[in-house]
Amino acid sequence: MAKSAAREAAAQGSASDEISKENTPENDVVEHLQRQVANAFVLYANYKHYHWQTFGPLFRDLHLLFDEFATAVLESIDDFAERLRMIGQDPVFRPEDIARFATVSVSGDVGTMREMIAEADANLVIVIREMREAARVADDNDDPGTNDLFSGLVRVHEKHEWWLRDILEKGDGLTVK
């Protein structure tokens, strides 16, 4: 009985080693995960910026909405980082690495609520496209765990993008284009 358990543990150890060896820093799956760690840090900072800078007739709703988005994206940072650790890599965390890996823009000095919402929406479109591609890459690399992570987070970001896009549409009587 003990020999069987030892053999099983050894077999699992070798599978774990195999996964870690495949996932070098240059591996496509790892690069996609690192990029989304960096993007999530930027999105979080942007959402908090918008949350603090919100004004006007939609103040309360947008203030709460951006805080909700910030909370969701903050949780995703941990999900991405833990996935990287699971497959044998260390997640990026230094500000200079975040800036180097991120493909979304840090918020500038936007003047209107419409500009903030449009900027947030544009960044989400980038993230959604990249995560869809990352899910395909993970699938091509026989990595269902990473594929599942990206697929689930795509749904979260698609919902956020839908809400922002809806706010930007004409005819609401509160925002002007």
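Computed from a predicted structure; not experimentally measured.
- A continuous path of ILVMFWY side-chain contacts below 4.5 Å connects Phe55 to Phe69, so both sit in one hydrophobic cluster.
- With Asn27 contributing its side chain and Val29 its backbone, the two residues share a donor-acceptor pair below 3.5 Å.
- Between the side chain of Glu115 and the backbone N or O of Thr112, at least one donor-acceptor pair lies under 3.5 Å.
- To the nearest 0.5 angstrom, Thr54 atom OG1 is 9.0 Å from Leu64 atom CG.
- Judged as a ring pair (Phe, Tyr, Trp, His ring centres under 6.0 Å), and not counting sequence neighbours, the contacts of His51 are His63.
- Annotation for Val37 and Ala81: closest pair CG2-N, 4.1 Å, computed over non-hydrogen atoms.
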> Could you go step by step and tell me if Leu62 and Met113 meet the side chain to side chain contact (heavy atoms under 4.5 Å, CB included) rule?
Replying inline: CA-CA 9 Å; Leu62 292 174; Met113 285 309 306; 3.4 Å; yes
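- In this structure, the side chains of Trp163 and Leu65 come closer than 4.5 Å at one or more pairs of heavy atoms.
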Donor-acceptor contacts, no H, no angles, side chain residues 147-160, under 3.5 Å, sequence neighbours left out:
residue: Asn147; atom: OD1; partner: Ser151; partner atom: OG; Å: 3.2
residue: Asn147; atom: ND2; partner: Ala135; partner atom: O; Å: 2.9
residue: Ser151; atom: OG; partner: Asn147; partner atom: O; Å: 2.9
residue: Arg155; atom: NH1; partner: Ser151; partner atom: O; Å: 3.4
residue: Glu158; atom: OE2; partner: Arg132; partner atom: NE; Å: 3.4
residue: Glu158; atom: OE2; partner: Arg132; partner atom: NH2; Å: 2.4

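- Panel note: side chain Asp121, backbone Leu164; no donor-acceptor pair is recorded below 3.5 Å.
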> Can you list the steps and then say if Asp143 with Arg83 is a side chain to side chain contact (heavy atoms under 4.5 Å, CB included)?
Replying inline: CA-CA 11 Å; Asp143 186 343; Arg83 185 66 193 161; 2.6 Å; yes
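- Side-chain N/O atoms of Glu119 and Tyr50 include a donor and acceptor closer than 3.5 Å.
- At a threshold of 4.5 Å between non-hydrogen side-chain atoms, the residues His32 and Phe80 do not count as touching.
- Ile77 and Val106 fall within a single hydrophobic cluster, where Ile, Leu, Val, Met, Phe, Trp and Tyr side chains are chained together by heavy-atom contacts under 4.5 Å.
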> Asp139 and Arg136: salt bridge (charged side-chain N to carboxylate O under 4.0 Å, His left out), yes or no, with the steps?
Replying inline: CA-CA 5 Å; Asp139 194 44; Arg136 285 189 287 275; over 6 Å; no
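- Counting heavy atoms from C-beta on, the side chains of Glu133 and Val137 come closer than 4.5 Å.
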>> Could you walk me through whether Asp67 and Tyr47 satisfy the side chain to side chain contact (heavy atoms under 4.5 Å, CB included) test, starting with their C-alpha distance in whole Å, then the side-chain angles of each, then the deciding distance to 0.1 Å, before giving a yes or no?
In response: CA-CA 7 Å; Asp67 208 35; Tyr47 289 147; over 6 Å; no
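- At distances below 3.5 Å, at least one donor-acceptor pair connects side-chain atoms of Gln34 with backbone N or O atoms of Asp90.
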Counting only pairs under 3.5 Å, give me each side-chain donor-acceptor contact of residues 122-131, with atom names and distances, residues two or more places apart or in other chains.
residue: Asn123; atom: OD1; partner: Ser105; partner atom: N; Å: 3.2
residue: Asn123; atom: ND2; partner: Ser105; partner atom: O; Å: 3.1
residue: Glu130; atom: OE1; partner: Gln36; partner atom: NE2; Å: 2.8
residue: Glu130; atom: OE1; partner: Asn39; partner atom: ND2; Å: 3.0
residue: Glu130; atom: OE1; partner: Thr103; partner atom: OG1; Å: 2.8
residue: Glu130; atom: OE2; partner: Thr103; partner atom: OG1; Å: 2.6

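- Under the 4.5 Å side-chain heavy-atom criterion for ILVMFWY residues, a single connected hydrophobic cluster contains both Trp162 and Ile167.
- Nearest approach of Gly108 to His49, heavy atoms of both residues: O-NE2, 3.7 Å.
- The two residues Ala102 and Val42 make their nearest non-hydrogen contact at CB-CG2, 3.8 Å.
- Residues Glu68 and Thr71 have side chains not in contact (no heavy-atom distance under 4.5 Å, counting atoms from C-beta outward).
- The CD atom of Glu82 sits 13.0 Å away from the CD1 atom of Ile87 when rounded to the nearest 0.5 Å.
- Here the CG atom belonging to Leu74 is positioned 5.0 Å from the OH atom belonging to Tyr44, to the nearest 0.5 angstrom.
- Here CG of Asn46 is found 12.0 Å from CD of Gln53. Values are rounded to the nearest 0.5 Å.
- Ile117 places a side-chain heavy atom less than 4.5 Å from the side chain of Phe66.
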